[in-house]
Amino acid sequence: NAPAIAIVGRPNVGKSTLFNRLTGRRTALVSDMPGLTRDRRDGVADFGSHTVRIIDTAGLEEAGAGSIESRMREQSQRAIELADVVLFVIDARDGVTEADKAFAQIVRRSGRPTILVANKCEGRAGQDGFFEGFELGLGAPVPISAEHGEGIADLVDDVMSAL
Ligand code: GDP
Ligand code: MG
């Protein structure tokens, strides 16, 4: 059984971009579960000698019952429960938001091995937000740029160490 890596975080931080970067877009839409998980995406990636499953989460674009917050929490919680390692992504250009703090609480409570990922760290615009990441109580953020492919090798190393 391949270990599962879940990518969670509030909308627009770059989760799907990171998913595509890690999987090389070798993805499959998960269609067997309606509702909340309709647009959850499963993919595979080769991390060195290990094949891992990558789970992207979204769900917020889907119409349905419940507040956005409760649905976000439910979908993320399900992915976190399936995960051997959680990648909790923040947007270093935005800095830490209230939604990030709420997510951090969910992730911490899960007790799952978690790597805090500060995305959009290319250039200087992400510097302040990167340092704000320390406030989340999840250790040092790992700076990456999912879009530009920066920091990905170090992130993969950290995931391997956490497995
Ligand atoms: P998601 O909602 O968390 O899945 O975020 P997406 O992957 O859809 O990305 C949201 C937006 O952030 C898109 O416009 C991306 O192009 C942009 N984005 C993703 N990664 C990066 C990055 O590393 N740097 C910058 N500057 N933008 C990024
Ligand atoms: Mg997405």
Side-chain angles (χ1 to χ4, degrees), residues 4-45 52-64 66-83 85-107 110 112 114-133 136 138 140-159:
I5 318 297
I7 305 175
V8 303
R10 66 178 175 82
N12 226 37
V13 293
K15 298 181 298 299
S16 296
T17 306
L18 177 59
F19 174 91
N20 290 340
R21 176 67 65 180
L22 292 174
T23 60
R25 294 184 175 79
R26 290 169 298 161
T27 70
L29 273 172
V30 174
S31 56
D32 55 337
M33 286 191 239
L36 287 175
T37 56
R38 197 178 312 155
D39 58 359
R40 196 188 85 199
R41 291 192 301 164
D42 272 32
V44 292
V52 298
R53 277 177 63 207
I54 314 278
I55 302 165
D56 185 18
T57 57
L60 299 177
E61 301 84 354
E62 302 281 337
S67 70
I68 282 177
E69 287 76 17
S70 72
R71 297 179 63 229
M72 181 163 72
R73 199 176 310 120
E74 246 183 273
Q75 197 211 27
S76 300
Q77 230 144 23
R78 200 172 310 179
I80 289 165
E81 282 162 22
L82 289 171
V85 176
V86 175
L87 299 183
F88 170 41
V89 184
I90 61 172
D91 179 335
R93 294 183 174 226
D94 283 348
V96 170
T97 69
E98 289 306 312
D100 292 327
K101 290 177 189 169
F103 258 109
Q105 207 163 22
I106 292 168
V107 168
S110 77
R112 285 282 191 274
T114 298
I115 297 170
L116 175 61
V117 179
N119 190 33
K120 312 194 186 182
C121 271
E122 79 276 2
R124 283 191 206 120
Q127 271 179 8
D128 290 349
F130 168 81
F131 285 112
E132 282 178 27
L136 291 170
L138 289 163
V142 179
I144 70 160
S145 171
E147 197 155 86
H148 298 269
E150 297 172 12
I152 303 299
D154 286 340
L155 176 60
V156 169
D157 282 346
D158 289 347
V159 171

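Whatever order the structure lists them in is the order used to number ligands and atoms, beginning at 1. Everything numeric in this text was worked out from a predicted model, so none of it was measured.
Of all non-hydrogen atoms in A146 and N119, the two that sit nearest each other are N-OD1, 2.8 Å.
Considering backbone and side-chain N/O atoms, P11 never comes within less than 3.5 Å of an N/O atom of ligand 1. Taking distance alone, with nitrogen or oxygen atoms compared against 3.5 Å, D56 stays at or beyond that limit from ligand 1. Residue contacts with ligand 1: H148 is placed with no nitrogen or oxygen under 3.5 Å of a nitrogen or oxygen of the ligand (distance criterion only).
For D91, the side-chain hydrogen bond (donor to acceptor under 3.5 Å, both in side chains) partners two or more places apart in sequence, or in a different chain, are K120. In this structure, R112 has no side-chain hydrogen bond (donor to acceptor under 3.5 Å, both in side chains) partners at least two apart in sequence or on a different chain.
Counting heavy atoms only, T17 comes closest to atom 19 (C) of ligand 1 of the residues V13, T17, V8. The closest non-hydrogen atom to atom 20 (N) of ligand 1, taken over I7, N119, L18, comes from N119.
Using a cutoff of 4.0 Å between basic side-chain nitrogens and carboxylate oxygens, K101 and E98 are scored as salt-bridged. E122 and R93 are joined by a salt bridge, as a carboxylate oxygen and a charged side-chain nitrogen come within less than 4.0 angstrom of each other.
One of the N, O or S atoms belonging to S16 lies under 2.8 Å away from the Mg ion (ligand 2).
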